[in-house]
Amino acid sequence: MPILIGMVRLARFSADVFVEATLALVAEGGPSAASMAAIARKVGAPTGSIYHRFESRCAILATAWLECHESFAEALTPALRAGQGLAAALSVTSWARDHRRRARFLLLNEIEALLEDPVPEPLHRRVQQQQAALDEAFAAYLASQQAKDRAAPPEAMARAKFLIFDGPIALLRPHLLADSSPPSFLDEMITDMHRGLDGDKPDRKIETGNGRRVA
């Protein structure tokens, strides 16, 4: 009987429970807040029980990152592969609204700060695979724009990265730091950025210093 009770108690603390606690701690206080002792306290479990599921602190942080990044990539990838840059950018804010805790974990913390210690090899491979998959989707988007964007490839890539990733994340940042829902006007700002900076502007007029407009 005591053995059975012990097994039931151990099963109470699933891997998902520890990952959720890690997400919450990092979202609230940054990577340093997610010590093994703090994770255990958040769950209400003995510290030793974490090691039944994860071999190290870095392993649980990597697992949390993988879960957040996979969700983020799933939101963006369809629009990227369809060549829809604005839709992809708006997916960033939509995802952040629907998954605020995960957005705070993923978008407010560099991966280098989260995974300072060596990541177990199987998890390291998964991290690389997920990063590569999103990079491939972004590359597919860039390829779809080549016929429309007359800029040199480095400029086109830098602009697309800003419009789809860096710009929307910068707009989200103060709201994520405040743990408040991103307002709808961010979507309007992102749309305006795309209208002002996208490369598909064959009829754009450029005003010279003397007030003359040229095509």
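Here side-chain hydrogen bond (donor to acceptor under 3.5 Å, both in side chains) pairs that include residues 161-173, with residues two or more places apart or in two chains, are K161-D166. Residues in residues 181-191 take part in these side-chain hydrogen bond (donor to acceptor under 3.5 Å, both in side chains) pairs, two or more places apart or across chains: T93-D187, R97-D187.
Contact check for I50 versus V43: no side-chain heavy atoms found under the 4.5 Å cut-off. At a threshold of 4.5 Å between non-hydrogen side-chain atoms, the residues L171 and M193 count as touching. Inter-residue side-chain proximity for T22 and F54 is flagged as unmet; no heavy-atom pair is nearer than 4.5 Å.
Between F72 and F165, the ring planes are tilted. Angles from 30° to 60° get that label. Ring-plane geometry between F18 and F13 is classed as tilted, the angle between the planes lying from 30 to 60 degrees on a 0 to 90 degree scale.
More than 12 heavy atoms of other shown residues, nucleotides or ligands fall within 6.0 angstrom of atom CD in E121.
Closest heavy-atom contact between A89 and H194: CB-NE2, 3.5 Å. Across every non-hydrogen atom of A96 and P182, the tightest pair is CB-CG, 4.4 Å. The shortest heavy-atom contact between A64 and L23 is CB-CD2, 3.9 Å. Closest of all the heavy-atom pairs between S49 and A45 is OG-CB, 3.4 Å. Across all their heavy atoms, L61 and A34 have their closest contact at CD2-CB, 4.4 Å. Closest approach of A88 and I164 over heavy atoms only: CB-CG2, 4.0 Å.
Although no hydrogens or angles enter the test, the distance criterion places no donor-acceptor pair under 3.5 Å between the side chain of R102 and the main chain of C68. Listed for the R100 side chain is a donor-acceptor partner under 3.5 Å among the backbone atoms of D179. Between the T77 side chain and the A73 main chain, a donor and an acceptor come within less than 3.5 Å of each other.
In this structure, L177 CG and L107 CG are separated by 10.5 Å, a value rounded to the nearest 0.5 Å. A distance of 13.5 Å separates CG of L176 from CZ of F105, quoted to the nearest 0.5 Å. Separation of atoms CD1 (I60) and CE (M36) is listed at 6.0 Å; rounding is to 0.5 Å. Taken to the nearest 0.5 Å, the CZ atom of F185 stands 10.5 Å off from the CD1 atom of I190. Atom CG of L115 sits about 9.5 Å away from atom CZ of R57, to the nearest 0.5 Å. Note: E20 CD to E67 CD = 5.5 Å, rounded to the nearest 0.5 Å.
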What side-chain donor-acceptor pairs closer than 3.5 Å can you find for residues 126-134, not counting sequence neighbours?
from	atom 1	to	atom 2	distance (Å)
Q128	NE2	H124	NE2	3.4
Q130	OE1	H69	ND1	2.9
Q130	OE1	E70	N	3.2
Q130	NE2	L66	O	3.3

**Q.** Check against side-chain contact (heavy atoms from CB on, under 4.5 Å), M157 and Q145
**A.** CA-CA 10 Å; M157 183 172 68; Q145 302 302 300; over 6 Å; no

